[in-house]
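Structure, as structure tokens:
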Amino acid sequence: MIKDIDHILIERGAISDRVRQLGQQIMEDLNEIDEETEIVLVAVMTGSIIFVADLMRHLNKKIRISLMTASSYVGKSMETTGDPTLGKLPTVKGKHVLLVDDILDSGKTLTRIREELNEQEPASLHSCVLLRKTIDSAMSVPCEYVGFDIEDEFVVGYGLDYDGYYRNFPDIGVIVP
Ligand code: 5GP
Ligand code: MG
């Protein structure tokens, strides 16, 4: 199972500590929101599957969870195709939106989704990613909540895959180059 993983970058305990902190930080902001306007958490599948499941249990609010898909990799590639394919977007007009994704890399996925959601004129739009690579393309995309800044390496585990595998690996590891 773990033969392709070169080393662990972030252990499960550190992930869960940080996810709890992010949840607290998000809750402080959500508590400012008026009770009438609905909050929608938009989770970008499939990479955010574990992150969003853990994060949402720290958000003690009446929240609607909406899933959408985005993919930018083909098969065994570790480079994005550059042009993400988006599935159907949820309806968010007039709602407070928290957009949750696994990782910011080229930034194209989050930029595209933010643009398309903004066209619907939500009441507010904030983004949250577990990981962000410390490269210009990722750092320049607006993102209000970031779990960890990491180096530009290909990581798997805690929802993130290589060729569809390793999403179930509980820590975040770096794949053998
Ligand atoms: P973008 O390049 O558009 O910022 O990232 C698009 C998507 O590529 C992310 O949502 C994530 O699913 C995937 N991705 C980017 N970097 C990595 C990585 O290091 N590991 C894995 N497993 N997926 C990544
Ligand atoms: Mg993704």
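For clarity, every value in this text was computed on a predicted model and none was experimentally measured. Order of appearance sets the numbers: ligands from 1, and atoms from 1 within every ligand.
- Near D161, meaning under 4.0 Å from one of its heavy atoms, ligand 1 places the atoms 21 (C), 22 (N).
- With a heavy-atom cut-off of 4.0 Å, V44 does not touch ligand 1 at all.
- Of the polar atoms of K133, at least one N or O is found under 3.5 Å from an N or O of ligand 1, judged by distance alone.
- Heavy atoms of P84 stay at 4.0 angstrom or farther from ligand 1.
- In this pair, F154 and Y162 present their aromatic rings perpendicular. The plane angle is above 60°, beyond the 30 to 60° band.
- Shown in contact with S106 at under 4.0 Å from a heavy atom are these atoms of ligand 1, numbered in order with element: 1 (P), 2 (O), 3 (O), 4 (O).
- Residues T134 and E151 approach most closely at OG1-CA, 4.0 Å, considering heavy atoms.
- Polar contact with ligand 1: absent for F154 (N/O pair, distance under 3.5 Å).
- Close approach of ligand 1 to E153 (heavy-atom distance below 4.0 Å) involves ligand atoms 19 (O).
- Heavy-atom minimum distance, A53 versus M56: O-CG, 3.7 Å.
- The two residues L104 and A138 make their nearest non-hydrogen contact at O-CB, 3.5 Å.
- When heavy-atom distances to ligand 1 are checked against a 4.0 Å cut-off, S72 comes that close only through its side chain, counted from C-beta outward.
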Practice task
Please step through side-chain contact (heavy atoms from CB on, under 4.5 Å) for the pair D171 and I10, ending with a clear verdict.
Solution key: CA-CA 6 Å; D171 308 297; I10 312 173; over 6 Å; no
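- Comment: R114 engages E144 in a salt bridge, judged by a side-chain N to carboxylate O separation of less than 4.0 angstrom.
- With ligand atoms numbered from 1 in the order given, ligand 1 contributes 10 (O) to contacts under 4.0 Å with heavy atoms of D101.
- Not a single N or O atom of L104, backbone or side chain, sits closer than 3.5 Å to an N or O atom of ligand 1.
- Between I50 and G159 the shortest heavy-atom distance is CD1-N, 3.5 Å.
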